Amino acid sequence: MQLIKPLSLRRNFSWTFTGNLVYAGSQWGMLVLLAKLGSPEMVGQFTLGLAVTAPVMMFTNLQLRGIQATDARREYSFNDYLALRLLGTVLAFLIITGITLTSGYPSKLSLVILVIGFSKGIESISDVFYGLIQQHERMDWISISSMIKGILSLLMLDLGMILTHSVLGGTIGLAIAWTLVLVCYDIPRGVALLKISVKKQEEELEKSSEKSKDDRGNLPGQNIFHLCQPHWHWQRLSKLTWLALPLGLVMMLISLNTNIPRYFIKNSLGVRELGIFGALSYLMVVGSMVVGALGQSASPKLSKYYAAGNKSAFEKLIWQLMGIGFVLAVVGVIIALVGGKPLLTLIYGSEYAQNLDVFVWLMVATGIGYLSSFQGYTITAARYFRIQMPLFALVTGISAISCLFLIPSQGLRGASIALVISALVQLVLTSGITYHAIYKLPRNAQESNTL
């Protein structure tokens, strides 16, 4: 069987950036579509659906993709990750259903939230296949999947809106699109990698003087159902859960930190203002796509450098990432200051352009977030998991307190300033952990660090 070779960091970044850019553009296109064909209230409904479902899915996903991609020692199999992800996805949908039914939302809004929750569940299953592909450093496959999913999502949302004249119809189209991509692209690509892994194991057994029929009997077959069969080894799943639980809590806190302003806006200012804030926020995604592409592409190399004790290569790659993040931050703020108003008017309309000051503050928060995101990828690659939980709990608490005081008095501007404050705190704390990881590198190079 032909070997699937990993790509270089540069090619992986190029593919990931392209894929993320197309996907982000498609997601942004959905908001523009809702704003143009509908109203700020419809954008607000969609935004609220994402805000309710995202923290729950982030928690139950347990950041398994990051752990899987940086599992340089192959401590767990794909089937272990898949089993835990399926359990987490079912739990997430049950939690989302409970939140929706007890929150007193109107029935149509509740259905929108539930359909978005289902769509996010499908996406989470695709994500565990992404982790397998990322582990083999084939980001081109992930990028192609993201591009197909982004374009198909936009088309299906548009079709659903045209047929039903509602956000609910659009979200149903979204769920169909993501399911098609999972079944028709993500699973087949994952299976191709798994087949090669099994073939390599078979060859190693044949060369081994200790090979036996029992050994070969323990290998999965080449059938897709055997290769993708979850392993319900409860002791291993418990260990993996315990390893990943801190990152699951961290990702939930990160999502809450992003969405807390949206909860306060919904309760204090209403769905219409939430729609405006959500639309303005999404214009920040271009730079975030660069950061995500670089971070995802660099994570396997960062983890290998750290595991091998290659301090100079580890530090060099960190500084390169931080330099790119700084440039992106400065460019984003300049664009907002110089061309923000005509840009907002062109894309969304004059109603949104009236909130230029909010847009500028959001770009400042995003720029600081670029730097802290790179630090987050670094400390995850170094396997510093548990320390991130109190870190982001503090950041989220500061965000909530800032929103509590700023949003009632300053409205959307207060929400954006609250994001700036929490981003600064996050940057300072993650930088400190990165420094600690580098300082401790010689001692920790030969052991698994799960501080």
Side-chain angles (χ1 to χ4, degrees), residues 19-20 22-34 38 42-65 82 85-101 103 105 107-131 142 145-164 166-187 251-252 255 258-259 262 275 278 281-282 285 292:
N20 286 356
V22 172
Y23 182 73
S26 301
Q27 298 293 295
W28 171 62
M30 290 192 290
L31 284 181
V32 174
L33 183 70
L34 289 171
M42 295 181 72
V43 179
Q45 291 176 8
F46 189 75
T47 302
L48 182 63
L50 295 175
V52 170
T53 58
V56 178
M57 295 302 306
M58 287 291 191
F59 170 58
T60 57
N61 280 353
L62 297 174
Q63 186 61 349
L64 287 183
R65 176 178 169 181
L82 178 61
R85 175 54 56 84
L86 291 174
L87 289 174
T89 301
V90 172
L91 176 62
F93 191 74
L94 292 175
I95 294 173
I96 291 168
T97 301
I99 293 173
T100 304
L101 295 179
S103 296
Y105 296 128
S107 58
K108 287 185 178 180
L109 180 56
S110 297
L111 287 173
V112 169
I113 296 172
L114 291 176
V115 173
I116 291 177
F118 176 80
S119 302
K120 287 291 183 180
I122 296 297
E123 186 179 43
S124 72
I125 298 174
S126 286
D127 187 66
V128 79
F129 283 93
Y130 286 178
I142 299 176
S145 173
S146 296
M147 288 188 280
I148 296 172
K149 183 164 65 175
I151 296 171
L152 190 59
S153 299
L154 181 58
L155 293 175
M156 293 298 289
L157 179 78
D158 189 13
L159 179 61
M161 288 281 293
I162 292 172
L163 293 177
T164 66
S166 69
V167 179
L168 178 60
T171 55
I172 292 174
L174 195 68
I176 294 172
W178 290 2
T179 302
L180 288 173
V181 174
L182 169 64
V183 173
C184 299
Y185 188 89
D186 298 336
I187 292 177
M251 296 308 296
M252 180 187 70
S255 182
T258 301
N259 287 297
R262 291 168 168 81
S281 301
Y282 215 85
V285 298

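Starting from 1, each residue takes its place in the sequence as its number. What you see is a predicted model, and the numbers here were worked out from it, not measured in a lab.
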Practice problem: Rounded to the nearest 0.5 Å, what's the gap from OG1 on T179 to CG on L152? Could you check? | Solution: 10.0 Å
Self-check item: Close side-chain approach of L168 and T164, heavy atoms under 4.5 Å
Solution: no
Quiz item: Are any non-hydrogen side-chain atoms of M58 and Q63 less than 4.5 angstrom apart?
Solution: no
Less than 3.5 Å apart, which donor and acceptor atoms pair up between the side chains of residues 112-120 and the rest of the protein, not counting sequence neighbours?
residue	atom	partner	partner atom	Å
S119	OG	V115	O	3.0
K120	NZ	E123	OE1	3.4

Practice problem: Kindly give the heavy-atom pair with the smallest separation between Q45 and V167, and that separation in Å. | Solution: OE1-CG2, 3.7 Å
Quiz item: Can you tell if the side chain of T60 reaches within under 4.5 Å of the side chain of T89, non-hydrogen atoms only?
Solution: no
Practice problem: Indicate the atoms forming the closest heavy-atom contact of N61 with S124, along with that distance. | Solution: OD1-CB, 3.3 Å
Quiz item: Are a donor atom and an acceptor atom from the side chains of S153 and W178 found within less than 3.5 Å of each other?
Solution: yes
Quiz item: Which heavy atom of L64 sits nearest a heavy atom of R85, and at what distance?
Solution: CB-NH2, 3.4 Å
Exercise. With the side chain counted from C-beta on, respond yes when L174 and M156 share a heavy-atom pair under 4.5 Å apart, and no when they do not.
Key: no
Practice problem: State whether a side-chain donor-acceptor pair under 3.5 Å links Y130 with S145. | Solution: yes
Quiz item: Atom OG of S126 and atom CG of D186: how far apart are they, to the nearest 0.5 Å?
Solution: 4.0 Å
Quiz item: Can you name the nearest heavy-atom pair linking L109 to Y105, along with the distance?
Solution: CD2-CD2, 3.8 Å
Practice problem: Looking only at non-hydrogen atoms, find the nearest pair between A51 and P55 and report the distance. | Solution: O-CD, 3.0 Å
Self-check item: Side chain R262, main chain G278, donor-acceptor under 3.5 Å
Solution: no
Exercise. Provide the closest heavy-atom pair for M57 versus A92 in the form atom of the first, atom of the second, distance.
Key: SD-CB, 3.4 Å
Practice problem: Any chance you could measure M30, atom CE, to F46, atom CZ, to the nearest 0.5 Å? | Solution: 4.5 Å
Practice problem: Could you give me the CA-CA distance, side-chain angles and deciding distance for I172 and I176, then say whether side chain to side chain contact (heavy atoms under 4.5 Å, CB included) is met? | Solution: CA-CA 6 Å; I172 292 174; I176 294 172; 4.2 Å; yes
Self-check item: pair Y23-M147: side-chain heavy atoms closer than 4.5 Å
Solution: no
Quiz item: For T100 and I96, what are the C-alpha separation, side-chain angles and deciding distance, and is it a side chain to side chain contact (heavy atoms under 4.5 Å, CB included)?
Solution: CA-CA 6 Å; T100 304; I96 291 168; 4.0 Å; yes
Practice problem: Side-chain contact test, heavy atoms from C-beta onward, threshold under 4.5 Å: evaluate it for I142 versus F129 and give yes or no. | Solution: no
Self-check item: M161 and L34, any side-chain heavy atoms less than 4.5 Å apart
Solution: yes
Self-check item: Donor-acceptor contact below 3.5 Å, side chain S255 vs main chain M251
Solution: no
